[in-house]
Every structure is written in structure tokens, then in C-alpha cells.
Amino acid sequence: MIQPVTISTQNGIAAVTIDNPPVNALSQAVRQGLADAVQRTEADADVRAVVLLCAGRTFIAGADVREFGQTPREPHLPDVIDMIEGATKPWIAALHGTALGGGLEVALGCRFRLADPSARLGLPEVNLGLIPGAGGTVRLPRLVGVPAALEMIAGGKMVSVDKALEMGLVDRIVDGDLTQAALEFAKSAALETPVEPLMARDVAQSDSDKWEAQKAAIAKRARGQNSPLAAITALENALAMPADQALAKERELFFQLKDDPQSLALRHIFFAERSAGKMPRLKGVKPRPFDEIGVIGGGTMGAGIVAACLLAGLRVVMLERDDESLSAGQERVQNTLAQSHKRGLIDADTLTRMQGNFSGATDYAALGNADLVIEAVFEDMAVKRDVFTRLDAATKPDAVLATNTSYLDIAEIAEAVADPSRVSGLHFFSPAYIMKLLEIVHPPKVADDVLATGFALAKRLGKIAVPAGVCDGFIGNRIMSAYRRECDYMLEDGALPQDVDAAMRDFGFAMGIFAMQDMAGLDIAWAMRKRQAATRPADMRYVDIPDQLCELGRFGRKTGAGWYDYSSDPKGAPDPLVEGIITKASADKGITRVPLSADEIMGRIIGVMQSEGRKILDEGIAQSPEAIDVVMVNGYGFPRWRGGPMFMAGDA
Ligand code: 3H9
């Protein structure tokens, strides 16, 4: 068996190297290897100090999450870290890539931490429904203070090395060869002054008002998720108890959380996000190169896609139908870039470079060099086909063409091109430079390398890609249409928009379906319903309440009213006029209104998501139940800690 931990000693310094691809997770073999390394280096009189290194692309990315379903096997991580911390020879961690979770906890057990300039550090356990379980909640506050530790542990976000240095989390940033620098450091005078292990240090009490405010803000952000609250408890323990007691409590909490349904759900979605985008037919298929991107349309969606591509360092040409629309589109993009700069996400040089990568045109000839063109124009088949006919004439014959349609038949759009094999769907979510989800829609004639290019683009843009077959709405919008219909039924049956929205928020959605429609605008769905009217089965239950709102010009926030009234309350207030329309609609159909409880409302919504999800699977539109969960969680606000509708059904 290959040993994942090896030791090599030179000039009194032992280099302990972990090599456990892909992310050096702390499997049982790695833990055993580290425990043995402590024993061997302690026993070796020649060794003065130990440098901990990782092979491959990253430092330890955490405990091996795949082992969480099994009975824990010795040596346990907290014991291994105690051994490292208690060693008489100082350990120096050399961090590159990501030092996460148990990985950062190992580094905290070391006396010193050196890092590569691109390294990132974090305790992301909360994202898996956990808290750190190997001393992170006890050692980190002793190093960086309680507020910064709580922010990292309850927020689960990574910090850059610059920030880590500022916080005192790393001792030194190393330019150049990290291994060499760590070995040199191990020989340097820095080691002559003894440094107290973190467990032996005191915790500084923090300002009590600020501490209370920080805890309240975290509890509010948690929206039903229990791990951020457990993080607060663990840090309160770290403040109130001796280190060893706080450590024992941390371990207890960790195990409680590990078996909690929320953690099972979050671990499910973590792995689902990594498996959902893998299409067996694309194994070994090489994507086409894409250096220059064309985007047709400078509206909210088009401009968002342009910004996403520019922010990923790509060159982009935006095409609009006239100068006026083009400059409006360009302004949208420039505003987004400026905002990213203002928020510190890109520096001034990067901003200038991105602006230099961006050009606009009104003539299709400008797309002659584009490798990949994404169409984001008005949702109308004739308009889209016209765009693709022009693209066919203007682009290189092997350029990849994609439509951002949300509902239209991509196979029909593709027929406007002589070679339909170069057409696929790239369904972005708005705002496209923020939303992580990308549905990659595969019409029957699409070529494998065209599809593979879509996945490669998703990776470049940092998006989670999910393949979907062609149908009305693909995966996400099809499920949303189904449950929105159910919500409309509930209006006629006895609920009001505010009842449905409150039930959804309580369940963990950031926003209810009616408030969301007001935000997006009611007119687009209205146009679609009118389009579908001719083919709608006569015996299908149809609720015309949203049509009535649209007929009154109530298109949502942008018109000051929709399901809610925004004239006096910017958040939207329930409107007696809407209630009147709803109760009359029930009366007109002879329905006796019966109020629905939050449980009944959510039962109906989730039930419809699950039954539509199963249909989508039967039809081969989605590859797996996991794919559906990934779409609902990342595109439709389904609470991540519930794992998604298919996970809740026990199907995934
Ligand atoms: C923890 O540490 C608890 C402790 O406090 C206490 C213990 C007592 N385990 O994401 P990628 C797999 S909890 C097992 O595509 P990237 C992943 O499934 C843990 N497997 O790459 C994938 O497999 P496949 C705290 C893991 O470069 C492959 O590695 N740590 C783990 O885009 C590549 O992953 C975390 O929560 C793992 N821990 O991103 C960190 N991590 O090829 C979780 C990854 O079969 N990991 N895999 O699909 C990450 O955030 C990202 O994977 C990382 C790399 C940023 C590291």
C-alpha cells in the first residue's frame, strides 16, 4: 500500500509530506501517518524541527468527509493534533492552495504557519452543517481573538493570506519556493525563542456589546440552519471554560451535528454539486478553445453574462441592434465592473485590463473571430431564429453557439443554423455574474465537444454546471412553473400571497414565490401564458388571478405594485385590492375558501417539486435526482441545509 505520509530528514530538519490526492483529506491513513511521524521525529535525536508539507495542488482541505458515514477509526484527529502541538520539536506548517477545516486545525496545532501568496485559509465546516471538531473553536480564538474567530467559523468563508497575516493567523507569507523557505525557516533563529502552544494561551475577552451584536447578526443570517448557532455556543464555551473542557464540549457538539439531518443534507449537496456536472458521454472529450466570447443582447441578462466573462478574464464582444441599446448595455457592464472594483474584488489594474477586453458592436461581422457566442435576446422563437441565421453567416464554422433561452425549444432554434451540432443551451440565472448555477442544455444534435465547451466555460466562470435535456423550462423553470401553479391553486383554495410567502420564508427560502415574482416582473410569465393558451388542455385547472393583476398594469416592483403594494412600503405591503381579486376568483369558481397552515402550504409545494422532479427524471431531462437538488438549491433559493426536494423525498 502507498504511504500517504512520508518523512525525509536533512541537516536536522524533518520534512513530513502528505500526499493523498486529490485534496490531501485527513483519511485514517493520513492521520495514522501523522501520528507515526510525531513519534518518529520525537524519537530521532538528529531532528530539531519538523516542516509539514503537502504534495499536489493544496494543503490539507479538511477531514475526509466520505468517512463521516462510518464509525470513526483511530487515531482521531484531535489526538493527532494534540501530539503535534505537544511535540518537543516545533512543527512548522507550509500552506499552499487551501488549508481548510481539519487541515487548518492541524496547522493551528503547529507552532508556526508559513504560506504561499495564493493560499487561502478557512474553517468551512459550517457549510457542511458542522463546526470544527479538532480544536478549531478553541485554538483559533486564542490566536486571532474571539470576534475574528467567530466570523470565520460561523461564516465558513475562506480568507486570503494577506488577511490571514493581518489577523496573525499566518506568521509569514513566502514568495518563491515554499518548501525551501519553510526548511530555511526551520533552521533560523525564529525557532530559538519558545512559542507557547495555542492550547496553553488565554482567550482575550471581547467587548460585550459588540459580541452580543455579532451573535445576533449571525443568528439572523442562519435562517433556520443550526450549525452557525452551534459555532456561537462553541465560542462561548471557549470564552467561559478552560481550554481542555471547551475542547471536550466542541467534540460533543461536533458529533451531535454530524448525525443531524441538516448535516446529512449539506453533505449530500456538497457531493451532488461535484457529481451533477459529470456527463458520462463527455469522458475524455476535449472542449473547443474559447478565447473570445460574443454576447448578443445588452439587457440585464446579456450584460450580466458579459460581466461574468470579463471578470473571468475573457475577451468579450457585445452585440446590440443599434447604438443606443449598445451604449445602454455597455453602461450596465461598466457599472458592474466598477462595483466589483469598489467592493475590492478587483484592483485598478485588473479593472483597466477587463475594460480593455470589452468591445461593442452593432454589426454581426464583429463576431467573425468569436469562438463562442451566447445569445441573450428577447424570449421569442422568431427573434431567436433570426439571430441564429445571422450568426450562421457571420461566425467561424466551428464557433460554438449557445442560446440563453429559459423555455424555448433549443432544437428548433438550432435548425436555423446549417450545422445544428454547434448549438447548445447555456441557461444563466440573473444576475449572471453572481448566480452560481448554469444549466447546460443538450438538444439532440449537439456535438460532444460543443457540450464539453459549455462545461469548460462554466468552470472558467466558477459556476456549477448541470446538464439538462430540452423541454419547456428544462429542469429549474419547469419545476418552478409547476409549483407556482400549485401556489396559484392555493390562492383560490384559501391562502393569500403573504401566507404562502411567510411559509416559504419559515421553511428557509430567502423569499416567497409571490415576492419573487414581483421582483422579477409579472409580465414575462404573462406573455408566456398567452403563448401557451392555445395549447393548454381544456380540462386543466387554470387560475387567472395573475392575468388580472397584469391587466391592471401591476407588473411588480417596477410598476410600484404587483402581488404587493410598494407605494408606501418599499418591502411591499399586502394589498386589499389583491385580496379582493383572490376571494372573488374563489367565489366565481364556487370554491369555499379554507385557510391553509404553513405546513400544508409547504407540503403542497414540496410535493409538486418532487412529483415534477420524478417526471423530469423519467423523461431523461435530468441525469440524476442529485442534479435536480443542485438546481433547486443554487438557482431557486431552496434552503441548502434541507438538501433539495429529491433528497427530502429520499430519492437522492
Ligand atoms: C472537517 O474538516 C471536520 C474537522 O473540523 C473535524 C474532524 C474531526 N473530503 O471541489 P473539488 C473531493 S470537515 C473528501 O471538485 P476544487 C471532491 O468530492 C471538512 N473528499 O475541487 C472531489 O472529488 P471527485 C472541511 C473531498 O479544486 C475532489 O475532492 N473541509 C473533500 O474545485 C476535488 O474537489 C471542507 O469542507 C473532503 N474534505 O476545490 C473543504 N474535499 O473528484 C471541502 C474535496 O470525486 N472541499 N473532496 O468529484 C472544498 O471546499 C473544495 O473541494 C476545495 C477544492 C476548495 C478543497
Side-chain angles (χ1 to χ4, degrees), residues 4 18 20-31 34 54 56-82 95-109 118-140 149 152-160 227 230-231 234 247-248 250-259 263-264 266-280 283 436 455-456 458-465 624 626 630 640:
I18 302 177
N20 185 31
V23 295
N24 291 314
L26 291 155
S27 62
Q28 192 277 338
V30 172
R31 298 194 303 273
L34 283 174
C54 282
R57 65 191 208 210
T58 181
F59 191 74
I60 308 163
D64 189 336
V65 181
R66 291 186 201 274
E67 282 185 1
F68 283 1
Q70 306 160 11
T71 315
R73 281 188 300 155
E74 290 184 333
H76 303 303
L77 189 58
D79 301 333
V80 174
I81 296 174
D82 273 353
L95 316 178
H96 76 288
T98 46
L100 300 177
L104 184 57
E105 292 175 295
V106 168
L108 289 170
S118 61
R120 285 174 302 157
L121 294 77
L123 290 170
E125 285 88 342
V126 75
N127 302 324
L128 298 173
L130 302 166
I131 58 164
T137 69
V138 183
R139 288 191 179 90
L140 187 64
M152 266 184 88
I153 294 170
K157 294 211 172 81
M158 294 190 236
V159 297
S160 66
S227 52
L247 197 71
E250 176 200 81
R251 191 103 182 115
E252 232 175 74
L253 264 173
F254 175 82
F255 278 111
Q256 269 170 26
L257 291 168
K258 186 166 81 72
D259 296 331
S263 178
L264 296 179
L266 286 160
R267 275 141 54 194
H268 154 74
I269 207 78
F270 174 83
F271 286 113
E273 283 173 352
R274 280 152 185 83
S275 67
K278 291 184 181 143
M279 284 187 91
K283 204 161 185 261
K436 283 254 168 241
F455 283 96
K459 196 168 170 73
R460 177 78 184 260
L461 302 185
K463 305 230 176 277
I464 300 168
S624 61
E626 284 77 9
V630 170
R640 201 177 167 80

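As the structure lists them, so they are numbered: ligands from 1, and atoms in each ligand from 1.
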Ligand 1 N/O within reach of Pro132 N/O, cut-off under 3.5 Å: no
N or O pair under 3.5 Å between Gly62 and ligand 1: no
Ligand 1 atoms in contact with Pro22 (distance to a heavy atom under 4.0 Å): 28 (C), 29 (O)
Sub-4.0 Å atoms of ligand 1 with respect to non-hydrogen atoms of Asp64: 9 (N), 14 (C)
Close approach, Lys278 and ligand 1, non-hydrogen under 4.0 angstrom: yes
Ligand 1 to Ala61 polar contact by distance, N or O atoms, under 3.5 Å: yes
Residue, atom name and distance, where the atom is the protein heavy atom closest to atom 5 (O) of ligand 1: Glu125 OE2, 2.4 Å
Criterion side chain to side chain contact (heavy atoms under 4.5 Å, CB included) against Leu123, the qualifying member of Leu100, Thr137, Leu104: Leu104
Atom indices of ligand 1 within 4.0 angstrom of Pro124 heavy atoms, with elements: 30 (N), 35 (C), 36 (O)
Gly102 N/O to ligand 1 N/O under 3.5 Å: yes
Sub-4.0 Å atoms of ligand 1 with respect to non-hydrogen atoms of Arg251: 8 (C)
Which segment of Glu105 sits under 4.0 Å of ligand 1 when only heavy atoms are counted: side chain
Side-chain donor-acceptor pair present, Glu626, Ser275, cut-off under 3.5 Å: no
Heavy atom of Thr98, distance to ligand 1 below 4.0 Å: yes
Ligand 1 contacted by Arg57 (non-hydrogen, < 4.0 Å): yes
Mode of Leu123 contact toward ligand 1 - side chain, backbone, both, neither (heavy atoms, under 4.0 Å): neither
Side chain, backbone, both or neither: the part of Val65 lying under 4.0 Å from ligand 1 by heavy atom: both
